[in-house]
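Below is one structure, written out as structure tokens; the observations come after it.
So that the names make sense, note that chain A is the first sequence line, chain B the second, and so on, each numbered from 1.
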Protein chains: 2
Amino acid sequence: MYTLKNLTMRFSCATQWQLLRESVKVAVTKPARISRVDDAYARLKGEILSNRLLPGFQAPEPEFAERLGMSRTPVREALLRLEAEGLVQLVPRRGARILPVLASDMTEIYDLLGALEPHAAAELARRNPSKAELAPLIAATDDMEAALDEGNLEKWAAADDRFHRTLLELHGNRRLIGFASSLYDQAHRARMVTLRMRDKPVRSTREHRDILDLLLSGDAEGVEQLFRDHRRRAASELLNILETFGLPQL
Amino acid sequence: MYTLKNLTMRFSCATQWQLLRESVKVAVTKPARISRVDDAYARLKGEILSNRLLPGFQAPEPEFAERLGMSRTPVREALLRLEAEGLVQLVPRRGARILPVLASDMTEIYDLLGALEPHAAAELARRNPSKAELAPLIAATDDMEAALDEGNLEKWAAADDRFHRTLLELHGNRRLIGFASSLYDQAHRARMVTLRMRDKPVRSTREHRDILDLLLSGDAEGVEQLFRDHRRRAASELLNILETFGLPQL
DNA sequence: CCCCTCAACAATGTATACATTAAAAAATTT
DNA sequence: AAATTTTTTAATGTATACATTGTTGAGGGG
């Protein structure tokens, strides 16, 4: 268990600059206590998703522990957590390997999202949600349009991600939220790497707005169909990019 | 790490009868080595699914460790695994709690299965699978019919479970197999407890046969629709039982 | 050069000891 | 007697030591 005092006293100068930054963040935004497991998990996940820990990279637990500045026990627990989420693979005697995302993985992920999201959207529409209820979804859609206008693709991708996660949150099936969350995470890097290789997401943005409109009008069948098409087109687009640019994995 | 010698030498007489049984099983069906984590996981899961470890039961890690005859470390790892699968909840300072399954949980689970299984069945049908490919599914269906003729509900339920898992295996989406597996496990106890409270599964069995026939004939839309209806009716039936018998949780 | 054997090494699995701290119990105050 | 404070206990989180064992590299022989 970390306390703020621990953070500033326990670490060698080699890592103190970094952990000082972390400690400031902790002090400002969260309670001062964060377990080493949670810390290791968050840091490793952040590095995987931002591609600083590269796909295929592999190191034994003791090396991860050293780099994170803690003992092996919490590191192992963090890695097990990341393994359960499909981001790493623990290979006996070879350590933890950052799982690359293959085209076949993306196919699999999009297939599942293409089944689940339209279904969730349809059920949400059947509840005739009010504008107030859909406010976070409206905000995400607005942000996508604004980001597109600015030409800021990262911002657009973040708003897009938010749209999808928010929709499932509004739907409310906790098991679905958890499962889809790991799917989004697994697909994250591929989506970010390919972000600038694709056409501007004009059509995608319009589709989100249309999905939102259908939700607002309670058109369950309409939103299910459009969402399906949206997912199918997005999958096709991404897989084409992987093929066009000869990217076997990400 | 267990070896067979360890299994027979390490444990007090209080648990030796049980572990002797386990060791025989190990010797016959698996390599002699099984880690304590895997052992703890399998045993705990078995007890949860068979309702020997009751929903709501709660004990701290050290107590589980003592009962399993090993140190806390592998037990914690096994419990974390079970938590990730939705079967237990780790409550700080209160220990691991066996998660009861509420009616709302079953609603959630059936909602997801109702979206995923028909989708997988439709995609499988689109591949025009041969009879040989569907052999394990045919076998499961045959077994359901045989069990129904014998009036053996447990056998029927096992074959039913096998049908559903096999179908997803044949479909081949690994992420779906994993996710659905945990959903089946979570629903298992509820289904077993209610097995004798429901009508004989005559209609259900026929529906499975019909699903199989539609798969064999490559009728994607037909199988998707029938599977949806199948899941919807099964969900309704089970939820009615929970309500009729006043079962708040299982 | 290739193959085999064996020893060394290190990675994971596990047990145990220690640190932290929340909850419960005991003691004290009102 | 009830409320508050203090102390104790024990559960989880963590570090470290030990056990097991798979892999690698060195050495020797053909």
Is any side-chain N or O of [X] closer than 4.0 Å to OP1 or OP2 of [N]?
X       : N      : result
B:Arg94 : C:dA24 : yes
A:Thr73 : D:dT14 : no
B:Arg72 : C:dT16 : no

Measure from [atom1] on [X] to [atom2] on [N] and round the result to the nearest Å.
X       : N      : atom1 : atom2 : answer
A:Gln58 : D:dT23 : CD    : C1'   : 14 Å
B:Glu63 : D:dA11 : CD    : P     : 8 Å
A:Glu83 : C:dT12 : CD    : C1'   : 13 Å
B:Phe64 : C:dA15 : CZ    : P     : 17 Å
A:Glu77 : D:dA15 : CD    : P     : 12 Å
A:Asp39 : D:dT14 : CG    : C1'   : 13 Å
A:Ile34 : C:dT20 : CD1   : P     : 17 Å
B:Arg36 : C:dT12 : CZ    : P     : 18 Å

Can you give me the bend angle of the helix from C:dC1-D:dG30 to C:dT30-D:dA1? Use the axis through the first five pairs and the one through the last five, nearest 10 degrees.
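Rounded to the nearest 10 degrees, the bend comes out at 0°.
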
Sub-4.5 Å side-chain heavy-atom contact between A:Asp111 and A:Glu108
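When only atoms from C-beta onward are counted, A:Glu108 and A:Asp111 do not touch, as no gap falls below 4.5 Å.
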
DNA chain C contacts made by residues 85-93 of chain B, counting heavy atoms under 4.0 Å:
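Close to the strand are B:Arg93.
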
Test your reading of the model: is there a side-chain donor-acceptor pair from [X] to the backbone of [Y], 3.5 Å cut-off?
X        : Y        : answer
A:Glu117 : A:His164 : no
A:Glu83  : A:Leu90  : yes
A:Arg231 : A:Leu112 : no

All salt bridge (Lys or Arg N to Asp or Glu O under 4.0 Å) counterparts of B:Glu123, not counting sequence neighbours:
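Per chain and number, B:Glu123 pairs via salt bridge (Lys or Arg N to Asp or Glu O under 4.0 Å) with no residue.
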
State which of C:dT12, C:dT14, D:dT16 makes the closest approach to the side chain of B:Ser35.
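Per side-chain heavy atoms of B:Ser35, the pick is C:dT14.
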
Between D:dT12, C:dT12, D:dT14, spot the one nearest the side chain of A:Arg76, thanks.
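Shortest atom-to-atom distance from the side chain points to C:dT12.
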
Could you give all pairs that pass the salt bridge (Lys or Arg N to Asp or Glu O under 4.0 Å) test and reach [range], with sequence neighbours left out?
range                       : result
residues 88-99 of chain B   : none
residues 241-250 of chain B : none
residues 181-192 of chain A : A:Lys45-A:Asp185, A:Asp160-A:Arg191, A:Arg165-A:Asp185

In Å, rounded to the nearest 0.5 Å, how long is the span from NE2 of A:His188 to OG of A:Ser50?
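A:His188 atom NE2 to A:Ser50 atom OG measures 7.5 Å (nearest 0.5 Å).
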
